[in-house]
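Comments concern the structure below.
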Amino acid sequence: MRHILSYSFYEQSTLSLARNLLGKQLVHESNEGHTIGRIVETEAYLGVMDQAAHSFNGRRTKRTEIMFGPPGVIYTYVMHTHCLFNIVTNKIDVPEAVLIRAIEPIEGESLMVKRRGPARRGVTLTNGPGKLTKAMGITLDDYGHYATESPTYIIDGPEPSNISIGKRVGIDNSGEARDYPYRFWITGNKYVSRSR
DNA sequence: AATATGATGTAA
DNA sequence: TACATCATATTC
């Protein structure tokens, strides 16, 4: 219980890690208090081969260079004014990552409501990649930190009963990659984000 | 220095 | 279905 996943957990292939992250719990500590959310939806981004990935074709910029670094490091970036949370995977020089798309609140739900605003109780509190970062208090400040230590880390959790697999969301401009089945979610979980 | 563009959220 | 809104990346 509350066992922090070790560095070696992140050294597996990106597709299996995306699958194995389901059911694990994301923890964030801040001076406002701590929040915990169960990961219920993820997407894999396979670097060089994947047109939808920021690192497609080896593209390396100040933002994406972190994907080329060691696994287990947090990659946050801003999209349409929302912060999105990823974890670098595989090994050094393989620029792949897993996007966390949805969580189910486990602890600190009142703090999540406070951060999201009073009108956001219920599933809409954390059922999307931009929503969960706001609820958890995750920002660009987390960029480059290891997910194996405070203030933002991932702990073990109960195995999910059933897993579903499908196409990723919001990448219609990514050619062939649009239809790759790289999205994973816990079957039937009500916090899974809607498809676009 | 200027502009184009989203791995989205929300309201209508 | 439309649009708000901003950090990055790319272009000028």
Side-chain angles (χ1 to χ4, degrees), chain A residues 10 13-15 17-19 21-22 26 37 39-69 71 73-90 94-105 112-145 147 152 154 164-186 190-196:
Chain A
Y10 300 99
S13 83
T14 304
L15 285 174
L17 185 65
R19 152 73 180 78
L21 276 170
L22 294 175
L26 177 61
I39 297 171
V40 300
E41 181 183 357
T42 62
E43 282 180 0
Y45 285 86
L46 300 195
V48 177
M49 311 299 297
D50 180 359
Q51 199 171 156
H54 293 155
S55 52
F56 173 60
N57 214 13
R59 190 173 62 158
R60 188 168 189 153
T61 66
K62 179 162 182 126
R63 178 179 72 164
T64 64
E65 68 181 6
I66 198 152
M67 293 179 74
F68 292 79
V73 169
I74 294 168
Y75 169 36
T76 49
Y77 74 95
V78 174
M79 163 62 171
H80 278 94
T81 74
H82 304 286
C83 183
L84 274 61
F85 180 87
N86 304 256
I87 297 188
V88 178
T89 61
N90 211 309
V94 179
E96 303 182 346
V98 172
L99 169 70
I100 308 300
R101 281 195 60 86
I103 61 166
E104 175 179 347
M112 295 185 189
V113 172
K114 180 183 166 193
R115 286 175 174 142
R116 288 273 291 141
R120 296 287 175 275
R121 287 189 157 281
V123 296
T124 59
L125 189 61
T126 55
N127 68 343
K131 299 176 187 179
L132 74 90
T133 55
K134 186 165 184 187
M136 296 283 296
I138 290 168
T139 68
L140 289 182
D141 289 343
D142 290 289
Y143 181 95
H145 286 245
T152 307
I154 295 177
S164 297
I165 303 177
K167 298 178 186 178
R168 291 174 294 181
V169 175
I171 55 163
D172 286 346
N173 312 354
S174 297
E176 302 265 316
R178 171 180 52 185
D179 297 324
Y180 294 170
Y182 292 171
R183 178 178 176 224
F184 303 83
W185 66 94
I186 296 179
K190 63 182 181 177
Y191 285 89
V192 173
S193 71
R194 77 178 195 277
S195 301
R196 269 178 190 256

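- For DNA chain B, the residues of residues 131-139 of chain A within the heavy-atom distance limit of 4.0 Å (strictly under) are A:K131, sorted by number.
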(request) Give the B/S/- string for nucleotides 6-12 of chain C, one per nucleotide from 5' to 3', where a protein heavy atom under 4.0 Å of the base yields B, of only the sugar-phosphate yields S, and otherwise -. (result) SSSSS--
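- Of the residues near DNA chain B, A:L84 and A:R116, the one whose nearest nucleotide (by heavy atom distance) lies more toward the 5' end is A:L84.
- In this entry the distance linking CZ of A:R168 with P of B:dT8 reads 11 Å, nearest Å.
- Counting heavy atoms from C-beta on, the side chains of A:Y10 and A:L17 come closer than 4.5 Å.
- When heavy atoms are screened at a 4.0 angstrom cut-off, A:L99 is found touching base atoms of the nucleic acid.
- Applying the side-chain contact (heavy atoms from CB on, under 4.5 Å) criterion to A:V94, with sequence neighbours excluded, gives A:N90, A:K91, A:E96.
- Taking A:T76 as the reference, A:I74, A:C83, A:F85, A:I138, A:L140, A:D142, A:Y143 meet the side-chain contact (heavy atoms from CB on, under 4.5 Å) condition, with sequence neighbours excluded.
- Counting only heavy atoms from C-beta outward, the side chains of A:F184 and A:L15 approach each other to under 4.5 Å.
- Formation of a donor-acceptor pair under 3.5 Å by the A:R168 side chain with backbone atoms of A:A44 is found in this model.
- For A:H82, the side-chain contact (heavy atoms from CB on, under 4.5 Å) test picks out A:H80, A:L84, with sequence neighbours left out.
- Contact check of residues 117-128 of chain A against DNA chain B (heavy atom, cut-off under 4.0 Å) returns A:R120, A:G128.
- Between A:H145 and A:T152, every side-chain heavy-atom pair lies at or beyond the 4.5 Å cut-off.
- Residues satisfying the ring pair (Phe, Tyr, Trp, His ring centres under 6.0 Å) criterion with A:Y180, sequence neighbours excluded, are A:Y182.
- Between A:D172 atom CG and B:dA7 atom P there is a gap of 11 Å when expressed in whole angstrom units.
- Considering only side-chain N and O atoms, A:N173 lies under 4.0 angstrom from the phosphate OP1 or OP2 of B:dG6.
- For the pair A:I186 and A:Y191, the minimum side-chain heavy-atom distance is 4.5 Å or more.
- Side-chain contact between A:T126 and A:V40: absent, with no pair of heavy atoms (C-beta onward) separated by less than 4.5 Å.
- Of the residues in residues 40-52 of chain A, not one comes within less than 4.0 Å of DNA chain C through any heavy atom.
- Here the P atom of nucleotide B:dA7 and the CG atom of A:D179 are 16 Å apart, to the nearest Å.
- By the side-chain contact (heavy atoms from CB on, under 4.5 Å) test, A:K190 is found to be paired with A:V123, residues two or more places apart in sequence or in another chain being considered.
- Helical stems in DNA chain C, defined as runs of 3 or more consecutive Watson-Crick or G-U wobble pairs with both donor-acceptor distances under 3.5 Å, are listed by first residue as B:1-6 with C:6-11, B:8-11 with C:1-4.
- Side chains of A:W185 and A:R101 form no contact here, defined as non-hydrogen atoms less than 4.5 Å apart.
- For A:R116, the side-chain hydrogen bond (donor to acceptor under 3.5 Å, both in side chains) test picks out no residue, with sequence neighbours left out.
- The distance from atom NE2 of A:H54 to atom P of B:dG6 is 10 Å, rounded to the nearest whole Å.
- A 4.5 Å side-chain heavy-atom check between A:K167 and A:R183 finds every atom pair outside the cut-off.
- With values rounded to the nearest 0.5 angstrom, A:L125 atom CG is found 11.0 Å from A:M136 atom CE.
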N/O donor to acceptor pairs below 3.5 angstrom from side-chain atoms of residues 56-68 of chain A, sequence neighbours left out:
from, atom 1, to, atom 2, distance (Å)
A:R59, NE, A:H54, O, 3.2
A:R59, NH2, A:H54, O, 3.4
A:T61, OG1, A:R63, N, 3.3
A:T61, OG1, A:T64, N, 3.3
A:T61, OG1, A:T64, OG1, 3.3
A:T64, OG1, A:R59, O, 3.3
A:T64, OG1, A:T61, N, 2.9

